[in-house]
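As the structure is a computational prediction, the values presented were derived from the model and not from experiment. First listed ligand is number 1; within each ligand, the first listed atom is number 1.
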Amino acid sequence: MKKIALFTMVMVFAFVLAACGSEKTESDGKETGGSAADKKTVRVVTDAAYAPFESMKGDEVVGFDVDFTNAVAKEAGYEAKIEHVGWDPLFVEVKDKRADLGMSAITINDERKQTYHFSVPYFLSTNKILVPEGSDIKSAADLKGKTVAVQNATTGAEAVEKLFGKNNKDMKKFENTNLAIMELKSGGADAVVADNTVIEEYAKNNPKDKLVVIEDSNAFESEFYGLMFPKDSKIKADFDEAIKKIIENGTYAEIYKKWFKVDPDLDKLKE
Ligand code: ARG
């Protein structure tokens with residue numbers, strides 16, 4: 001009698017186990033569009049010192065890029081796991097395929113295209129100059145002989161190098177843009193060159209610092225941000241489709257409005 005009961009219990013247990021196993025394989029593929037648990041996770045790396053695109057809030061990365069990338073990943077049937085690793089490391093991690101993509105207000109340019117694959121463009125940007133109120137710097141040419149703080153290996157750093165030479169001793173390079181702005185505030189630099197949205201938001205949100213933003217469209221070109229993938233990425237095509245989709249269906253505009261309080265000019269995204 002006891003033996004039969006034990007046998008039954010073992011059988012029931014085995015049956016339950018088998019059922020669990022088969023259910024898992026059935027719901028695995030992304031076509032089933034099941035719960036978040038069975039979506040394919042992608043590892044996204046970023047430099048979260050670049051508000052309003054990406055910044056740390058406690059131990060969470062928040063910003064326009066975060067909402068955008070999450071929406072794109074969801075549309076494409078993936079789940080994004082976003083991790084702050086810093087600017088220089090993020091390029092290495094994507095190149096070595098330790099990450100599936102980089103998300104960091106990254107400008108699409110020819111040099112980077114040699115090593116990486118970019119998504120379709122999702123944001124229009126240009127470099128501008130952040131200076132203290134009353135500064136005599138009124139254009140990019142006025143930066144000559146001044147100490148300019150930039151984030152290392154950004155298009156802002158490149159633009160200043162293009163104007164005044166690579167070994168310009170008056171340029172101070174920092175690991176992130178917040179450090180460059182701190183250098184300006186402490187008087188160690190006369191100006192910061194960085195993406196317009198970042199320094200415009202900074203000046204607006206920190207009125208006590210008395211900083212103003214100078215535009216010089218002759219010196220600084222228009223740039224587009226893209227998500228950055230390893231060269232032979234298998235997910236890039238899915239992400240491109242998803243970006244187009246969320247631009248069409250209004251999700252992009254919703255996210256844009258949440259962060260920038262105005263409607264996006266979607267025509268500007270067409271290269
Ligand atoms: N758009 C510029 C570039 O690609 C600066 C981006 C910096 N992004 C950041 N998260 N720190 O070079």
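- Checked by distance only, ligand 1 and T155 come closer than 3.5 Å through their nitrogen or oxygen atoms.
- Within the structure, ligand 1 has Y225 among the residues with a heavy atom less than 4.0 angstrom away.
- With ligand atoms numbered from 1 in the order given, ligand 1 contributes 4 (O) to contacts under 4.0 Å with heavy atoms of I106.
- Judged by the shortest distance from any of its heavy atoms, N176 lies outside the 4.0 Å radius around the atoms of ligand 1.
- Judged by distance alone, with hydrogens and angles left aside, the side-chain atoms of N152 form no donor-acceptor pair with the main-chain N or O of E175 at under 3.5 Å.
- More than 12 heavy-atom neighbours from other residues, nucleotides or ligands sit within 6.0 angstrom of CG on N205.
- Checked by distance only, ligand 1 and E54 come closer than 3.5 Å through their nitrogen or oxygen atoms.
- Numbered from 1 in the order shown, with element, the atoms of ligand 1 that lie under 4.0 Å from a heavy atom of Q151 read 7 (C), 11 (N).
- Contact analysis puts R112 in contact with ligand 1, with a non-hydrogen atom separation below 4.0 angstrom.
- Protein heavy atom in closest approach to atom 8 (N) of ligand 1: S104 O, 2.8 Å.
- Using bins of under 30°, 30° to 60° and over 60° for the plane-to-plane angle, the ring pair F64/F68 lands in the parallel bin.
- With a 4.0 Å cut-off on non-hydrogen atoms, D195 touches ligand 1 through its side chain and not its backbone.
- Taking CZ of F260 as the reference point, atom CD1 of I255 lies at 10.5 Å (rounded to 0.5 Å).
- Of the N and O atoms on the side chains of N109 and T107, not one donor lies less than 3.5 Å from an acceptor on the other residue.
- When only non-hydrogen protein atoms are considered, atom 11 (N) of ligand 1 lies nearest to D47 OD2, 2.7 Å.
- Nearest to atom 6 (C) of ligand 1 among the protein's heavy atoms is A105 O, 3.3 Å.
- Residue K57 places its NZ atom among 12 or fewer non-hydrogen atoms of other residues, nucleotides or ligands, all under 6.0 Å distant.
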| task | Apply side-chain hydrogen bond (donor to acceptor under 3.5 Å, both in side chains) to the pair Y225 and D65, showing each step before the final yes or no. | result | CA-CA 10 Å; Y225 296 164; D65 275 354; over 6 Å; no

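- Partner of K128 under the salt bridge (Lys or Arg N to Asp or Glu O under 4.0 Å) criterion, out of E200, E201, E223, E221: E200 alone.
- An N or O contact shorter than 3.5 Å links T107 to ligand 1 by distance.
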